[in-house]
Amino acid sequence: MPELPEVEVLVRHLDPLLKNRTVQKVTVRRERVIRPTPVARLKRKLKGATFNRVSRRAKFLLFNLTSLSGGPFSMLGHLGMSGRMYLQPKSAPLAKHAAVVLDLGSDNFVFEDTRYFGRFTLSLSPVEGLGPEPLDPSFCAEQFAPGLARSAQAIKVKLLDQKLVAGIGNIYASEALFRARISPKKSARRLKGEQVTALCGAIQQVLEEAIAFGSTVPLNFPSGERTDGLFYYGTQSSAQESRSYEERLLVYDREGQRCANCSTPIRRIIQAARSTFFCPNCQRG
DNA sequence: CACCATGTTCCTTG
DNA sequence: CCAAGGAACATGGT
């Protein structure tokens, strides 16, 4: 569930639920997801700690806590490709791939991650080299253009570079370029000024719409639900909420389907070993 | 068996 | 030091 909008919605959901809750016990069922912090250190730090605010930086969740000894500290969370975080009653059975479980008294705070690409860490270094937040008011052509000017890489690949803009992933990169009517293959340095401006606007629009939509969807997936309606689950579309989420995506995973603007079949290409979807008619030059 | 999947990090090469 | 490309990580769906 991993791009900026999904993380933002999750953060807003978790913040009031975790506030002032104290960690009674820490269970790490997959040590790999604690890195590079030593597992023992994270456990020691979390035990007896109380959650304050939960916020977001790019695709990272930032948990602010007060330790047992009274000092404030931060923990970063990342969902990787398949991570989820939720509270569930302590009596509820744990998911097969529940990687970390924080006992909050009546509830468990569960970090579940099928592929274990996600993580918890006390190190803040992953966040230090990140580029600007695309939804910040200061993010605009003046921030964005210089980063593009010297790169010969395809613009789609550049959008995934977290040093240039932080938080865009493979889905919204394709979606933003479609809305800006820019070919994903275009070299970053060859974008005209007005194209950079259009792309900035498209990025913000796509991300904001996704957050607005996600905020209306109830997030209760621990109890038996496979999906919560917010996140992307490939071609699976049996759940009604999941379907409405997919319909918001105009090109992603729509190879061969007709473009919403011009009816030309959507194409799929591979760039930097990842799929890109675009309309060859609407997105030229 | 094959290929695909919302992401980052590490290693190599230039 | 930087830019760019590719493999690795691990599991599951089709």
Side-chain angles (χ1 to χ4, degrees), chain A residues 1-11 29-37 56-61 76-85 95-99 111-121 123-131 146-176 185 187-189 203 206-207 210-211 213-214 217 221 226-239 242 245-246 248-249 251-256 268-277:
Chain A
M1 73 186 212
E3 296 185 42
L4 184 155
E6 293 80 13
V7 178
E8 177 63 26
V9 171
L10 178 62
V11 161
R29 302 168 86 240
R30 270 289 180 142
E31 303 215 335
R32 182 191 142 66
V33 305
I34 312 296
R35 61 181 194 276
T37 305
R56 179 190 62 75
R57 174 74 172 102
K59 302 170 196 172
F60 288 87
L61 296 100
L76 281 186
H78 198 288
L79 300 169
M81 292 277 262
S82 54
R84 300 171 166 193
M85 292 180 192
K96 179 180 178 187
H97 296 295
F111 172 27
E112 175 190 350
D113 189 356
T114 308
R115 291 169 72 179
Y116 305 113
F117 289 178
R119 64 169 158 170
F120 274 152
T121 179
S123 165
L124 298 185
S125 62
V127 140
E128 281 159 10
L130 292 172
L148 300 174
R150 279 172 296 104
S151 176
Q153 249 181 345
I155 183 61
K156 155 61 162 47
V157 178
K158 274 319 245 190
L159 288 182
L160 299 180
D161 180 351
Q162 304 294 299
K163 296 193 293 296
L164 178 72
V165 201
I168 299 174
N170 206 38
I171 293 176
Y172 295 111
S174 283
E175 294 296 317
K185 294 183 277 194
S187 171
R189 66 156 78 117
I203 288 167
V206 160
L207 298 179
I211 292 169
F213 171 76
V217 178
F221 42 87
R226 281 180 58 78
T227 86
D228 50 44
L230 205 211
F231 307 113
Y232 182 77
Y233 288 96
T235 54
Q236 168 194 63
S237 60
S238 48
S242 170
Y245 177 74
E246 281 176 39
R248 310 179 64 72
L249 304 179
V251 288
Y252 185 82
D253 203 23
R254 287 185 179 276
E255 181 180 23
R268 169 177 174 265
I269 58 173
I270 303 298
Q271 295 181 288
R274 312 201 62 189
S275 289
T276 299
F277 298 88

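Numbered from 1 within each chain, the chains take letters A, B, ... in sequence-line order.
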- Task: Give, ordered by number, those residues of residues 149-159 of chain A having at least one heavy-atom distance below 4.0 Å to an atom of DNA chain C; if nothing qualifies, reply none.
- Result: A/S151, A/A152, A/Q153, A/K158
- Residues in salt bridge (charged side-chain N to carboxylate O under 4.0 Å, His left out) contact with A/E3, at least two apart in sequence or another chain: none
- Query: If only side-chain N and O atoms of A/R115 are considered, is one of them under 4.0 Å from the OP1 or OP2 phosphate oxygen of C/dG12?
  - Reply: no
- Quick one: A/E112 CD to C/dT11 C1', roughly how many Å, whole number? 12 Å
- Message: Using whole Å, what does the distance between atom C1' of nucleotide B/dT8 and atom CG of A/L130 come to?
- Response: 11 Å
- Message: Need one value for A/F117: base, sugar-phosphate or nothing, where a base atom within 4.0 Å counts as base even if backbone is also close, heavy atoms only.
- Response: base
- Whole angstrom is fine here: how far is it from CG in A/D161 over to C1' in B/dT9? 14 Å
- Item | Spacing of A/Y172 atom OH relative to B/dA5 atom P, expressed in whole Å | 17 Å
- Message: Heavy atoms only, 4.0 Å cut-off, all strands: where does A/S275 land among base, sugar-phosphate and nothing?
- Response: sugar-phosphate
- Counting N and O atoms only, with roles assigned by atom type, does the side chain of A/S187 sit under 3.5 Å from a partner on the main chain of A/A154, one being a donor and the other an acceptor? no
- Task: Examine B/dC4: is either OP1 or OP2 under 4.0 Å from a nitrogen or oxygen in the side chain of A/R268? Give yes or no.
- Result: yes
- Separation of A/R30 atom CZ from C/dC9 atom P, in whole Å? 13 Å
- Query: Going by the angle between their ring planes, with limits at 30° and 60°, are A/F120 and A/F111 parallel, tilted or perpendicular?
  - Reply: tilted
- Message: Whole angstroms only, please: what is the CG-P distance between A/L160 and C/dA3?
- Response: 16 Å
- Query: Any side-chain donor-acceptor pair under 3.5 Å between A/S275 and A/R268?
  - Reply: yes
- Interatomic distance where CZ belongs to A/R189 and C1' belongs to C/dA3 [whole Å]: 11 Å
- Message: I'd like to know whether CD of A/E31 has more than 12 heavy-atom contacts from other residues, nucleotides or ligands below 6.0 angstrom.
- Response: no
- Message: Could you check whether A/S125 and A/S123, counting side-chain N and O atoms only, form a donor-acceptor pair closer than 3.5 Å?
- Response: yes
- Task: Round to a whole Å and report the spacing from CZ of A/R84 to P of B/dG7.
- Result: 16 Å
- Query: Cationic tip of A/R30 within the cone over A/Y116's six-membered ring, i.e. under 6.0 Å and within 45° of the normal?
  - Reply: yes
- Item | Phosphate OP1/OP2 of C/dA10: any A/H97 side-chain N/O under 4.0 Å | no
